[in-house]
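Taking it in order: structure first as structure tokens, then the write-up.
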Amino acid sequence: MDPKILIFMLLVCCSSVFNVGAQSYQGKWKLLKRSIGVSAMHMALLPNEKIVTFDRSEFGPSNITLPHGKCIKEDSKSSDCYAHSVEFNPATRAVRPLTILSETWCSSGAFSIDGTLVQSGGYRLGEKVVRYFKPCMDCDWEEDQNGLLSPRWYASNQVLPDGKIIVVGGRYQFTYEFIPKLSGSDRILYKLPFLKETRNSALVPNNLYPFLHLLTDVNLFVFANDRGILLDYINNKVVRSYPVMPGGVSRNYPSTGSSVLLPFKLFSTTDSDNNTSTPDAEVLICGGTAPDSNEKANVGVFVPASKSCGRLIITATSPEWEMEEMPINRVMGDMIMLPTGDILIINGAAKGTAGWGIARDPVLNPVLYRSDPRNSDESTRFEVLAPSLIPRLYHSTAHLLSDGRVLVGGSNPNINYNFSALYPTELSLEAFYPPYFTKTKPRPSIVAVNPGLKIGFKQKISLEFTLEGSVILSDLFVTMVASSFTTHSIAMNQRLLVLAFNNKVKKTSSGNYLVEGYAPETAALAPPGYYQLFLVHEAIPSKGKWIQIKQF
């Protein structure tokens with residue numbers, strides 16, 4: 001019997017273990033590619049609709065070779081003829097091998113204003129490298145071997161209002177810096193003692209891949225292990241410390257949870273101008289495990305992961321954690337923002353931690369989290385969705401596509417590519433279709449964005465769209481989702497804004513609909529770069545349109 005069918009049968013038979021009971025689930029899965037040749041440890045969607053994904057590069061062969069007999073000379077005695085990065089076209093499912101010259105294991109990334117993927121750090125000879133991948137037809141990786149001042153392994157990146165990228169932390173690195181190096185201040189290493197204060201131990205720090213979220217006052221929320229600070233990165237000063245998240249759970253690598261900044265909802269203060277009120281910033285952090293779980297897993301004791309989630313209004317006068325519980329224990333889960341503003345929690349395990357072979361009980365069911373508390377209480381805020389057949393554990397990824405699907409790939413809890421291990425290396429990509437794909441209501445379609453796809457801050461914009469039937473104005477809104485880079489259960493620079501649109505819908509001469517509103521006011525709300533623009537009607541999103549926002 002196919003082992004994946006056996007896994008599915010076991011899931012159905014033992015579903016009570018996960019507290020989900022016998023029920024029919026919403027959402028569906030589709031296998032897109034049995035093998036792309038590499039295990040998708042890192043993933044990003046470019047503005048040209050291509051996925052770039054890559055694995056490590058120094059731990060043996062992948063399952064795809066470099067084109068035209070190309071090989072990379074490693075030293076005087078050996079060379080590597082295998083690709084460790086590929087470009088994947090979701091529309092055609094075509095795979096193009098790419099060339100990475102340095103070790104990318106457990107690295108970080110973000111996007112520049114022009115849509116170039118800026119990817120930083122890694123392991124050994126890759127730990128100070130900054131790599132660039134441009135969204136063009138035949139582009140390949142370009143590398144700056146000395147792009148970083150400090151070694152960055154398990155660091156995190158965030159795009160800033162001026163378009164620069166801040167790189168925070170890394171193993172044994174209690175500092176931050178900026179890339180690319182364009183000015184004198186970019187060539188300074190800034191100390192951040194908070195990263196040393198929050199580690200449990202040198203061997204099991206539980207604070208790697210810190211969660212970063214840019215706030216509307218341009219300060220940076222940094223969360224590591226079980227607590228957060230507000231960092232004035234310009235003046236290298238901690239301006240606020242937040243309460244410890246309750247529950248005694250570590251949330252960062254290797255006790256890996258996940259984090260999102262909940263949607264910024266922009267509303268016009270008047271119908272006649274484009275002044276919008278500044279929204280509160282609220283973070284949601286879910287999953288993780290006990291601080292000693294990694295040590296126990298390494299000797300064969302697999303501690304159940306946490307069910308807990310916490311919401312914190314970072315901008316509140318006296319912020320306090322509001323705790324909730326997921327229906328399923330989860331460590332190494334990815335939290336992906338859907339165009340509707342809801343959160344998809346996907347991938348991971350119910351026991352153990354991140355690391356080589358130290359997780360058990362794959363969590364095959366995604367969970368939908370409804371982010372707006374006005375529309376649900378805790379009992380209905382979470383919804384368990386249809387299960388995959390493929391375990392996605394350590395080194396798995398997920399990413400929103402412009403058509404509203406979520407691409408899922410990776411999983412390799414083995415040191416090398418191993419297809420006979422308890423949890424084999426996964427080279428496949430599959431797509432999850434959230435519940436809005438299975439609804440019978442019509443899907444809106446964006447026909448045009450005016451004045452165009454390049455938009456300035458505060459600029460008046462209009463969306464022309466089609467929809468079968470009548471428009472329900474109270475169920476219509478527009479969202480924009482920032483380009484992100486996903487790895488190790490963290491979507492760097494992930495951000496969603498609900499735009500300020502007026503409460504009117506016009507009919508055009510062609511019979512289409514038209515809504516008008518305004519782009520975000522500041523680069524602190526929407527750092528410059530590319531975004532996917534969606535129109536949502538009755539909780540069903542259109543396909544996304546790529547727009548670029550910056551100061552023109």
Side-chain angles (χ1 to χ4, degrees), residues 46-49 110-116 135 158-165 214-218 261 263-281 337 339-341 402 444-466 471 473 476-484 493-510 512-537 541-552:
L46 303 176
N48 63 1
E49 299 290 358
F111 280 87
S112 67
I113 297 174
D114 68 357
T116 297
Q158 170 65 47
V159 180
L160 300 175
D162 61 1
K164 290 181 183 178
I165 297 166
L214 179 70
L215 302 195
T216 55
D217 63 0
V218 311
L261 192 63
F264 282 123
K265 296 182 179 178
L266 311 180
F267 298 101
S268 296
T269 54
T270 72
D271 290 333
S272 60
D273 61 40
N274 65 339
N275 293 320
T276 57
S277 57
T278 301
D280 281 327
M337 303 192 79
T340 56
S402 295
S445 177
I446 299 174
V447 175
V449 179
N450 294 307
L453 300 180
K454 293 183 182 292
I455 297 171
F457 295 104
K458 300 185 183 181
Q459 187 170 8
K460 187 174 183 179
I461 57 176
S462 65
L463 266 68
E464 185 178 346
F465 66 98
T466 60
V471 173
L473 194 57
L476 178 73
F477 58 94
V478 177
T479 61
M480 52 185 277
V481 181
S483 301
S484 62
N493 200 55
Q494 184 171 224
R495 193 178 196 86
L496 184 146
L497 297 93
V498 181
L499 297 188
F501 271 69
N502 60 28
N503 295 317
K504 299 174 184 177
V505 175
K506 301 175 183 178
K507 268 285 190 104
T508 67
S509 57
S510 61
N512 297 335
Y513 295 101
L514 190 76
V515 291
E516 297 177 331
Y518 294 92
E521 287 192 343
T522 68
L525 274 170
Y530 279 85
Y531 290 75
Q532 296 157 295
L533 190 70
F534 296 91
L535 186 139
V536 183
H537 183 257
S542 67
K543 290 183 178 180
K545 287 274 190 186
W546 284 100
I547 61 169
Q548 185 188 33
I549 185 167
K550 65 177 185 177
Q551 196 70 50
F552 289 97

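Keep in mind that the numbers below use all heavy atoms, side chains included, and drop hydrogens, waters and symmetry copies.
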> Measuring from S445:OG to K545:NZ, what's the distance to the nearest 0.5 Å?
Replying inline: 7.5 Å
> Sequence neighbours excluded, which residues qualify as salt bridge (charged side-chain N to carboxylate O under 4.0 Å, His left out) partners of K454?
Replying inline: none
>> Quick check for you: to the nearest 0.5 Å, what is the distance between L533 atom CG and L499 atom CG?
In response: 6.5 Å
>> Which residues pass the side-chain hydrogen bond (donor to acceptor under 3.5 Å, both in side chains) test with D217, not counting sequence neighbours?
In response: N219
>> Between E516 and K460, is the side-chain contact (heavy atoms from CB on, under 4.5 Å) condition met? List the steps.
In response: CA-CA 7 Å; E516 297 177 331; K460 187 174 183 179; 4.0 Å; yes
> Can you find a pair of side-chain heavy atoms, one from V471 and one from F465, that are under 4.5 Å apart?
Replying inline: yes
>> If you define the side chain from C-beta out and look only at heavy atoms, does anything of I455 sit under 4.5 Å from Y531?
In response: no
> Mind checking what makes ring pair (Phe, Tyr, Trp, His ring centres under 6.0 Å) contact with F477, not counting sequence neighbours?
Replying inline: none
> Taking all non-hydrogen atoms of both residues, which atom of P47 and which atom of F111 are closest, and how far apart?
Replying inline: CD-CE2, 4.4 Å
>> Once side chain to side chain contact (heavy atoms under 4.5 Å, CB included) is applied, do any residues pair with I113, and if so which ones, sequence neighbours excluded?
In response: P528, Q548, K550
>> Can you list everything that forms a side-chain hydrogen bond (donor to acceptor under 3.5 Å, both in side chains) with Q532? Sequence neighbours excluded, please.
In response: S402
> For S510, which residues count as a side chain to side chain contact (heavy atoms under 4.5 Å, CB included) partner, sequence neighbours excluded?
Replying inline: E464, T508, N512
>> For A110 versus V159, what's the shortest heavy-atom pair and its separation?
In response: CB-CG2, 3.8 Å
>> Can you tell me how far apart NZ (K507) and CG (L514) are? Round to the nearest 0.5 Å.
In response: 12.0 Å
Output a table of donor-acceptor pairs, distance under 3.5 Å, between side-chain atoms of residues 446-453 and any protein atom two or more places apart or on a different chain; print 'none' if there are none.
none

> Which pair of heavy atoms, one from W546 and one from S483, lies closest together, and at what distance?
Replying inline: CZ3-OG, 3.4 Å
> Hey, does the side chain of T479 reach the backbone of P339 with a donor-acceptor pair shorter than 3.5 angstrom?
Replying inline: yes
>> Using the rule given for side-chain contact (heavy atoms from CB on, under 4.5 Å), can you reason through V515 versus L535, listing the C-alpha separation, both sets of side-chain angles and the distance that settles it, and then say yes or no?
In response: CA-CA 10 Å; V515 291; L535 186 139; 4.2 Å; yes
> Partners of V218 by side chain to side chain contact (heavy atoms under 4.5 Å, CB included), sequence neighbours excluded?
Replying inline: P161, Y233, A524
> What is the minimum heavy-atom distance between N493 and Q158, and which atoms define it?
Replying inline: OD1-NE2, 2.7 Å
> Can you list the residues that meet the salt bridge (charged side-chain N to carboxylate O under 4.0 Å, His left out) rule with K543, with sequence neighbours excluded?
Replying inline: none
> At their closest point, which heavy atom of P527 faces which heavy atom of I549, and how far apart are they?
Replying inline: O-CG2, 4.2 Å
>> So does L473 get a backbone contact from the side chain of N503, meaning a donor-acceptor N/O pair under 3.5 Å?
In response: no
> Considering all heavy atoms of both residues, which atom of L214 and which atom of R495 are nearest to each other, and what is their separation?
Replying inline: O-NH2, 2.9 Å
>> What verdict does the side-chain contact (heavy atoms from CB on, under 4.5 Å) test give for F501 and L463, after you've listed the backbone C-alpha separation in whole Å, the side-chain angles of each residue and the deciding distance to 0.1 Å?
In response: CA-CA 10 Å; F501 271 69; L463 266 68; 3.8 Å; yes
> Just wondering, do L46 and Y530 contact through their side chains at under 4.5 Å, heavy atoms?
Replying inline: no
>> If the condition is side-chain hydrogen bond (donor to acceptor under 3.5 Å, both in side chains), which residues does T522 pass it with, not counting sequence neighbours?
In response: none
>> Rounded at 0.5 Å granularity, tell me how far NZ in K265 sits from CG in L496.
In response: 10.0 Å
> At what distance, to the nearest 0.5 angstrom, does OG1 of T278 lie from CG of L215?
Replying inline: 12.0 Å
>> Run the side-chain hydrogen bond (donor to acceptor under 3.5 Å, both in side chains) test against D280 and tell me which residues pass, sequence neighbours left out.
In response: T315
> So T340 and F534, side-chain contact (heavy atoms from CB on, under 4.5 Å) or not? Walk me through it.
Replying inline: CA-CA 9 Å; T340 56; F534 296 91; over 6 Å; no
> Any side-chain heavy atom of P520 sitting closer than 4.5 Å to one from M480?
Replying inline: yes
